[in-house]
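Below is one structure, written out as structure tokens; comments come after it.
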Amino acid sequence: MSETSVTPCEVALSAWLAEAFTAALPEQTLANPPRVLSITNPQFGDFQCNEAMALAKAAKMPPRQLAEAALAAKPLPPMVEKAEVAGPGFINITVSSKWLAEQAAAMTSDQHLGIPQSGIGHTVVLDYSSPNVAKPMHIGHIRSTVIGNALDRLLRAQGYAVIADNHLGDWGTQFGILILGYRNFLTDDERTNLTVELLERVYVQSYNKTKEDETWMEQCRAELVKLQQGDADNLAVWKRFIDISINEFNRVYARLDVKFDIWRGESYYNAMLPGVITALQDAKLATESEGALIVDMKDEGLQVCIVRKSDGAYNYATTDIATVRSRVQDFNPDRIVYVTDERQQLHFKQFFAICGKLGYKANLQHVWFGLMRLPEGTFSTRQGNVIKLEALLDEAEARALAIVRESRPEMPEAQQRELAAAIGIGAVKYADLSHDPKGMIVFDWDRALALDGNSAPYLQYAYARICSLIDKYAAQVGKAPEANALAPETPVEKQLLLQLLQFPAAAVSASDANKPNILADYLYALAKTYSSFYQSSPVLQADEATRDSRVRLCTMTAAILRGGLTLLGIQTPNRI
RNA sequence: GCGCCCGUAGCUCAAUUGGAUAGAGUGUUGGCCUCCGAAGCCAAAGGUUGUGGGUUCGAUCCCCGCCGGGCGCACCA
């Protein structure tokens, strides 16, 4: 959580106010520099500081009086045009547009767009997406993938060394069922041209048969045991399931522009599980109960956690502990972050606590998000009401393509399709990223694929219009606008500058709170201000100084829109 | 029964983590392309923030009690 002011503007103002409060309160020492915030209502000024209210008790002085004393104690710094006390003790600050312009110019020419590089020297393992082998990805996978990827990008933007790990579900009891189904319910031809869809079909078929046929279930178990014991045939089949699945996942990830550094599925840790049990026993954490090996967690106020089942097999808690152990050993991360749905909260609390007791020093963090469901309830493979992720992406691109064809009929087909992909996929991602992850989502095609209003295409449209304007400027004036002098005049120009300067804070907050929607909301507000500016402020027709200044403002807005959308994993075509 | 989360405009969601007059989109109503891209802009209408108390200068936010909904609570991950 960032308790201090982030942007250079806020830091500069905070430094002045720190001196002012110190001068007004010689007896006291300030614990933290005063927090300067962007103002809630523009009619009051540009920034506000609420510190007087917080300090009033300790200072034994009415907050208003304290605020006035602080302002009287030090002269206004040059960038501050006006500072006044309002209400119970707010300090409202108005700064010069010229100063804001300088700050914004510095920020947008910085390679990190002003984002503090506080992650340098720190490693984070980020565990997200993690679909199950032999099942197609469905719309339920979109949240972990898209939110996880945005967090990935946000962390990297702050200088963290991120290891994105796709922790595939590639091991477990389902493989006995799957192997037997594969051998019995497929034609030779189907086995040759195996797909994930076929695997899913045989899984359901084989699973259903276990319900009515005891001996079938036994055979499945036998196949699983053979697999676990390293039977060459079963191992080869299992490996094939994984290869085919990964191949298909990669097709989706390519469309979503998602990349992982490592793919260590559950099977990767299989050989380490006995060692985990030994470690737990050595640490006197594990005890026998009802034939199973458990970790009692009464002290933490949690349920017991099973680490070895009564049949001797390990379960997911064991695997997850082994995973942490292995990651600590291999990467020595400061933090390990998991992005999964809300149902796993208890499980994470349990095994985080166990890892703590085992002395693993990485900071473990569970970022959970609300379940996605259909209007009629949850979906599941067995109910057969899943919507495949690829179908969603196809539909998104199809809807975008229809609009592109209408608005840009002169464009070649291939280019139209490329554009439709950027827009459609962007819309799908934004629909998710613009909401607080903790909320539940009831899936609705029109909502998931919105192309107007508060949506990715709105932001992409704003960006494309800027690009187009800059091109016209370059053609007309014959110089690049990046070196133009800034001379902001109008209120909307100042508002745009103020908003541009909030970018680093938005990015850092989004990352700290694990809420990409903070950044999405910010970008939307910025694009809205820009659209308003664009509507009311002629650029190319204005006199030379105004024109040059405004086009420069446009380039800065473009830089932030592009940078911000990239952090969300959303593309920014130059023309849409 | 216990635990976690949610409840904000007709609908879908925000609210800078306790700040000023609770904001957007969508839908409805009206206006704006001889002018840099109308996927846009401007305006109107729409609220007792589920409910009852408490904490304080100040509460959508924190605490307690209800009501309504979601999810999880020993061998599936």
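Reminder, nothing fancy here: chain letters follow the sequence lines and each chain counts from 1.
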* Which part of the nucleic acid, if any, lies within contact of A/Asn50, taking any heavy atom under 4.0 Å across all strands shown: a base, the sugar-phosphate backbone alone, or nothing? -> base

* To do: May I ask you to say what A/Asn92 touches in the nucleic acid, namely base, sugar-phosphate or nothing, with a heavy-atom cut-off under 4.0 Å?
  => base

* Indicate the ring-plane relationship of A/Tyr522 and A/Phe503, choosing parallel, tilted or perpendicular according to the 30° and 60° boundaries. => tilted

* **Near-strand residues of residues 462-471 of chain A, defined as heavy-atom separation under 4.0 angstrom from RNA chain B** => A/Ala464, A/Arg465, A/Ser468, A/Leu469

* Under 4.0 Å between a Lys/Arg side-chain N and an Asp/Glu carboxylate O for A/Lys298 and A/Glu300? -> no

* To do: Verify, without hydrogens or angle tests, whether A/Asp170 (side chain) and A/Glu266 (backbone) share a donor-acceptor contact under 3.5 angstrom.
  => yes

* How would you label the contact of A/Glu266 with the nucleic acid (heavy atoms, under 4.0 Å): base, sugar-phosphate, or nothing? -> sugar-phosphate

* To do: Could you check whether A/Tyr524 and the base of B/rA24 form a stacked pair, meaning centres closer than 5.5 Å and planes differing by less than 30°?
  => no

* Which is true for A/Thr340 with a 4.0 Å heavy-atom rule: it touches a base, it touches only sugar-phosphate, or it touches nothing? -> nothing

* To do: Ignoring backbone atoms, test whether A/Tyr458 places a side-chain nitrogen or oxygen under 4.0 Å from the OP1 or OP2 oxygen of B/rC41.
  => yes

* **Contact under 4.0 Å: A/Tyr316 side-chain N or O vs B/rA77 OP1/OP2** => no

* Does the side chain of A/Asn484 pick up a donor-acceptor pair with the side chain of A/Tyr473 at under 3.5 Å? -> yes

* Asked: Using a distance-only test with no angle check, is there a side-chain donor-acceptor pair under 3.5 angstrom linking A/Tyr314 and A/Asn270?
  -> no

* Looking only at atom C1', what distance separates B/rA43 and B/rU49, rounded to whole Å? -> 26 Å

* To do: Please work out if A/Asp444 contacts a base, only the sugar-phosphate, or nothing of the nucleic acid, heavy-atom cut-off 4.0 Å.
  => nothing

* Taking only the side-chain nitrogens and oxygens of A/Arg373, find out if one of them lies under 4.0 Å from OP1 or OP2 of B/rC71. => yes

* Asked: Donor-acceptor pair, A/Glu51 side chain versus A/Arg35 backbone, under 3.5 Å?
  -> yes

* Across the strands shown, which category fits A/Pro88 at heavy-atom distances under 4.0 angstrom: base, sugar-phosphate, nothing? -> base

* Charged N to carboxylate O below 4.0 Å: is that the case for A/Arg343 and A/Asp341? -> yes

Quick test: give all pairs of protein nitrogen or oxygen and nucleotides 33-35 of chain B nitrogen or oxygen below 3.5 Å, distance rounded to 0.1 Å.
unit_1	atom_1	unit_2	atom_2	d
B/rC35	O2'	A/Gln541	NE2	3.2

* To do: Answer with base, sugar-phosphate or nothing: what part of the nucleic acid does A/Ser289 contact at a heavy-atom distance below 4.0 Å?
  => base

* B/rA15 base / A/Thr40 side chain donor-acceptor hit below 3.5 Å -> no

* **Sidechain-backbone polar pair: A/Ser468 side chain, A/Ala464 backbone, donor-acceptor under 3.5 Å** => no

* Is the phosphate of B/rG3, meaning OP1 or OP2, less than 4.0 Å from a side-chain N or O of A/Lys349? -> no

* Donor/acceptor link under 3.5 angstrom from A/Gln43 side chain onto base of B/rU21 -> yes

* To do: Could you tell me which non-hydrogen atom of A/Gly169 sits nearest to which non-hydrogen atom of A/Asn132, and how far apart they are?
  => CA-OD1, 3.3 Å

* What nucleic acid atoms does A/Leu302 come within less than 4.0 Å of, heavy atoms only: base, sugar-phosphate, or nothing? -> nothing

* Does A/His167 have its ring centroid less than 6.0 Å away from the ring centroid of A/Tyr269? -> yes

* Go through the side-chain N and O atoms of A/Tyr461 and A/Ser531 and say whether any donor and acceptor fall under 3.5 Å apart. => no

* Asked: Is any side-chain N or O of A/Arg35 closer than 4.0 Å to OP1 or OP2 of B/rU17?
  -> yes

* Asked: With a 4.0 Å cut-off, would you call A/Asp446 and A/Arg399 a salt bridge?
  -> yes

* **Main-chain N/O of A/Lys528 paired to A/Ser532 side chain as donor or acceptor, under 3.5 Å** => no

* To do: Give one of base, sugar-phosphate or nothing for A/Arg408, where a contact means two heavy atoms less than 4.0 Å apart.
  => base

* When we call it a touch if two heavy atoms are under 4.0 Å apart, what does A/Tyr522 touch: a base, just sugar-phosphate, or nothing? -> nothing

* To do: Select base, sugar-phosphate, or nothing to describe what A/Gln174 touches, counting heavy atoms under 4.0 Å on all strands.
  => nothing

* To do: Report which part of the nucleic acid A/Ser531 touches: base, sugar-phosphate, or nothing (heavy-atom distance under 4.0 Å, all strands).
  => sugar-phosphate

* To do: Give a yes/no verdict on base stacking between B/rA20 and A/Phe44: centres under 5.5 Å, planes within less than 30° of parallel.
  => yes

* To do: Using the C1' atom as the reference point in each nucleotide, state the distance between B/rA9 and B/rG72 in Å, no decimals.
  => 33 Å

* Is it true that a side-chain atom of A/Glu342 and a backbone atom of A/Leu371 form a donor plus acceptor pair closer than 3.5 Å? -> yes

* To do: Can you run through RNA chain B from 5' to 3' and write each base as (, ), [, ], | or . depending on how it pairs? Watson-Crick or G-U wobble, both distances under 3.5 Å.
  => (((((.(..((((.....[...)))).(((((.......))))).....(((((..]....)))))).)))))....

* Distance below 4.0 Å between A/Lys57 side-chain N/O and B/rC57 OP1 or OP2 -> no

* Asked: Base, sugar-phosphate, or nothing for A/Ser532, non-hydrogen atoms under 4.0 angstrom?
  -> sugar-phosphate

